[in-house]
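Accompanying notes for the structure given below.
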Amino acid sequence: KILKQKGIPISVTGGGSGAYVEGIANLFEFDHGPLSGWTVKRNGAKLDRSSGAVQVKSGDSIQWIYTSDYEEDGK
C-alpha cells in the first residue's frame, strides 16, 4: 500500500496468506542470479512465511531486503 502511494512499482503473485513479492522498483527475483530475490524482516526478525500471512501493527519496523543469495542470508 505504501509503495503504491509513493509511486514505487511492486509485482506480487498470489494473494492473502499466499502473496509472494517478485519485484520492487523494477528489481526482480533472479535478476542477480538463481538465488536472488526479496526477503523481509519485521522488527529485525526475518519472516519464515509469506508476508501476506503476517499481521503488521502500528510501530512495527518493516524492511524489504534484496539479496543475491537467500541461502547465505538465512545462516
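Applying the side chain to side chain donor-acceptor pair (under 3.5 Å) test to S17 and every residue at least two apart in sequence or in another chain returns nothing. The side chain to side chain donor-acceptor pair (under 3.5 Å) test applied to S36 returns Y66, not counting sequence neighbours.
Once rounded to the nearest 0.5 Å, the distance linking NZ of K4 with CD1 of I2 reads 13.0 Å. Atom-to-atom distance recorded for T67:OG1 and K46:NZ is 7.0 Å, nearest 0.5 angstrom. A distance of 6.0 Å separates CD1 in I24 from CG in L3, rounded to the nearest 0.5 Å.
Side-chain N or O atoms of N43 include one that pairs as donor or acceptor with a backbone N or O of S61 at under 3.5 Å. For the pair R42 (side chain) and Q63 (backbone), a donor-acceptor distance under 3.5 Å is absent. Although no hydrogens or angles enter the test, the distance criterion places no donor-acceptor pair under 3.5 Å between the side chain of W38 and the main chain of Y20.
Note: the hydrophobic cluster containing I10 also contains L47 (ILVMFWY, side chain heavy atoms under 4.5 Å, direct or indirect links). Under the 4.5 Å side-chain contact rule for hydrophobic residues, I65 and F28 do not share a cluster. Side-chain heavy atoms closer than 4.5 Å link hydrophobic residues (I, L, V, M, F, W, Y) into clusters, and following such links, possibly through other members, connects V54 to V21. In the hydrophobic cluster analysis, where Ile, Leu, Val, Met, Phe, Trp and Tyr join through side-chain heavy atoms closer than 4.5 angstrom, W64 is grouped apart from F30.
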**Study point:** L27 and H32: CA distance, side-chain angles, deciding distance, side chain to side chain contact (heavy atoms under 4.5 Å, CB included) verdict
**Key:** CA-CA 9 Å; L27 183 58; H32 292 275; 3.7 Å; yes
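Across all their heavy atoms, G7 and P9 have their closest contact at O-CD, 3.6 Å. Pairing each heavy atom of G18 with each of S50, the nearest pair is C-OG, 3.8 Å.
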